[in-house]
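Encoded as structure tokens, the structure appears first; notes follow it.
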Amino acid sequence: MTREFELITHVLCPYVQRSVIVLSEKRVPYVRTDIDLANKPTWFQKISPLGKVPVLMVGEGRSLFESAVICEYLDEVTPGSLHPEDPLERADHRAWIEFGSGLLNGIAQLYNAPTRNEFDASRKSLRARFGQLEERLGKGPYFSGKAFQIIDAVYGPIFRYFDVFEPAMNLGILDDLEKIQTWRRHLRARESVTQAVTFDYPERLLAFVREKGSYMSQLVEESAAPHLRKAPLVHE
């Protein structure tokens, strides 16, 4: 049966990126509609009970919300699978996908932290969590070896934050995590991951952070001004 898909999105949302990557990997044609989450259209509020993106419109009158549900559905209704065949390994992937969502919450805490002390606490917490992830990883190059799977679609957007932030500030969060860095490089080079955002994503993300009025906002402003020195971040 032929299905028509429309993905309702926001340009910066990492959960949207998950769905876009899976759509690309599964070679599923779709229409993308970006909305402003600060000024949500009335029609969007009717199809998104939680008021969040992404939402996948399936044919006429049916909608799915929550990125994990959308990715699972797309995987089920298209040829092949982006999940492991073994039930235990598949469950393990789903657990680490949830861990990835926790990392996104931690990144949000980082760029929203109002003070240096709260920023440093968030940074150290993220470092510890990525250390746990490093211990779980195998030889790579992806999460479970050579095959790209849904869990890789989850972590590509997470690492993208650091691709944008690191040129502006020395966070030190991923330093010396060799397995993560290998995984990160392979995800950065994959077409489905690179094309999941617009070409001006870095500028949009930094502008978003600047508007927060947080401690990281100050660091972004300083990095944009050559006459100002970057604040040293890594200190224990």
Side-chain angles (χ1 to χ4, degrees), residues 13-22 25 66-69 71-72 75 81-113 116-190 192-194 196-197 205 215-216 219 232-236:
C13 178
Y15 295 95
V16 163
Q17 294 176 46
R18 296 181 181 184
S19 302
V20 171
I21 293 168
V22 170
E25 291 287 338
E66 287 295 310
S67 62
V69 174
C71 292
E72 294 276 352
D75 196 51
S81 179
L82 293 177
H83 263 319
E85 292 184 7
D86 179 72
L88 181 57
E89 187 178 2
R90 190 160 60 245
D92 183 59
H93 276 217
R94 288 178 173 135
W96 284 98
I97 286 172
E98 185 64 22
F99 188 88
S101 296
L103 288 174
L104 287 174
N105 291 336
I107 291 170
Q109 291 175 0
L110 185 74
Y111 63 64
N112 280 303
R116 172 68 177 261
N117 286 341
E118 290 171 281
F119 178 88
D120 280 344
S122 295
R123 183 181 61 80
K124 292 175 182 177
S125 176
L126 277 171
R127 170 67 184 193
R129 293 184 190 181
F130 276 107
Q132 291 176 289
L133 180 61
E134 174 82 358
E135 293 179 0
R136 165 59 181 81
L137 294 176
K139 295 180 179 180
Y142 297 115
F143 184 84
S144 282
K146 296 181 179 180
F148 183 96
Q149 297 175 314
I150 287 178
I151 192 166
D152 300 292
V154 168
Y155 280 86
I158 294 173
F159 296 137
R160 198 190 313 276
Y161 277 105
F162 296 93
D163 293 340
V164 176
F165 292 157
E166 285 177 349
M169 63 198 78
N170 179 24
L171 292 172
I173 292 174
L174 302 182
D175 290 357
D176 303 320
L177 300 178
E178 296 181 3
K179 294 178 181 178
I180 283 179
Q181 294 291 10
T182 297
W183 186 22
R184 178 186 178 188
R185 285 194 300 271
H186 279 81
L187 291 175
R188 186 192 295 148
R190 196 169 183 93
S192 64
V193 176
T194 60
V197 294
L205 178 58
Y215 181 75
M216 184 182 277
L219 299 176
L233 300 184
V234 182
H235 69 287
E236 303 298 341

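Since this is a predicted model, take the numbers as computed values, not measurements.
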**Request:** Might you work through the ring pair (Phe, Tyr, Trp, His ring centres under 6.0 Å) test for Tyr155 and Trp96, ending with a clear yes or no?
**Result:** CA-CA 10 Å; Tyr155 280 86; Trp96 284 98; 7.9 Å; no
Could you check whether the rings of [X] and [Y] sit parallel, tilted or perpendicular, using 30° and 60° as the cut-offs?
X      : Y      : result
Tyr161 : Phe165 : tilted
His93  : Phe143 : perpendicular
Phe148 : Tyr142 : perpendicular

For the residue pair [X] and [Y], what are the closest heavy atoms and their distance?
X      : Y      : result
Val22  : Ala153 : CG2-CB, 4.0 Å
Leu177 : Ile173 : CD1-O, 3.7 Å
Leu103 : Leu126 : O-CD2, 3.8 Å
Phe162 : Pro167 : O-CD, 4.2 Å
Ser144 : Glu89  : OG-OE2, 3.3 Å
Glu178 : Glu134 : N-OE2, 3.1 Å

Got a salt bridge between [X] and [Y], using NZ or NE/NH1/NH2 to carboxylate O under 4.0 Å?
X      : Y      : value
Arg136 : Asp92  : yes
Lys124 : Asp120 : no
Glu25  : Arg190 : yes

**Request:** With the side chain counted from C-beta on, respond yes when Asn112 and Tyr215 share a heavy-atom pair under 4.5 Å apart, and no when they do not.
**Result:** no
**Message:** Can you confirm whether Met216 sits close enough to Met169 that some side-chain heavy atom of one is under 4.5 Å from a side-chain heavy atom of the other?
**Reply:** yes
Going from [atom1] on [X] to [atom2] on [Y], what distance comes out if it is rounded to the nearest 0.5 angstrom?
X      : Y      : atom1 : atom2 : result
Tyr15  : Ser101 : OH    : OG    : 4.0 Å
Phe130 : Arg184 : CZ    : CZ    : 9.0 Å
Ile97  : Ile151 : CD1   : CD1   : 5.0 Å
Gln149 : Asp152 : CD    : CG    : 6.5 Å
Leu110 : Phe119 : CG    : CZ    : 4.5 Å
Gln181 : Leu137 : CD    : CG    : 11.5 Å

**Asked** Got a donor-acceptor contact below 3.5 angstrom from the Arg90 side chain to the His83 backbone?
**Response** no
**Message:** salt bridge (charged side-chain N to carboxylate O under 4.0 Å, His left out) for Glu72 and Arg18? Distances and angles first, verdict last.
**Reply:** CA-CA 11 Å; Glu72 294 276 352; Arg18 296 181 181 184; over 6 Å; no
**Prompt:** Are Asp163 and Arg188 close enough, and set up right, to give a side chain to side chain contact (heavy atoms under 4.5 Å, CB included), and what steps lead you there?
**Reply:** CA-CA 9 Å; Asp163 293 340; Arg188 186 192 295 148; 3.0 Å; yes
**Asked** Checking salt bridge (charged side-chain N to carboxylate O under 4.0 Å, His left out) for the pair Asp175/Arg127: CA distance, chi angles, key distance, verdict?
**Response** CA-CA 9 Å; Asp175 290 357; Arg127 170 67 184 193; 5.8 Å; no
**Request:** Give the intermediate values and the outcome of side chain to side chain contact (heavy atoms under 4.5 Å, CB included) for residues Glu118 and Gln109.
**Result:** CA-CA 9 Å; Glu118 290 171 281; Gln109 291 175 0; over 6 Å; no
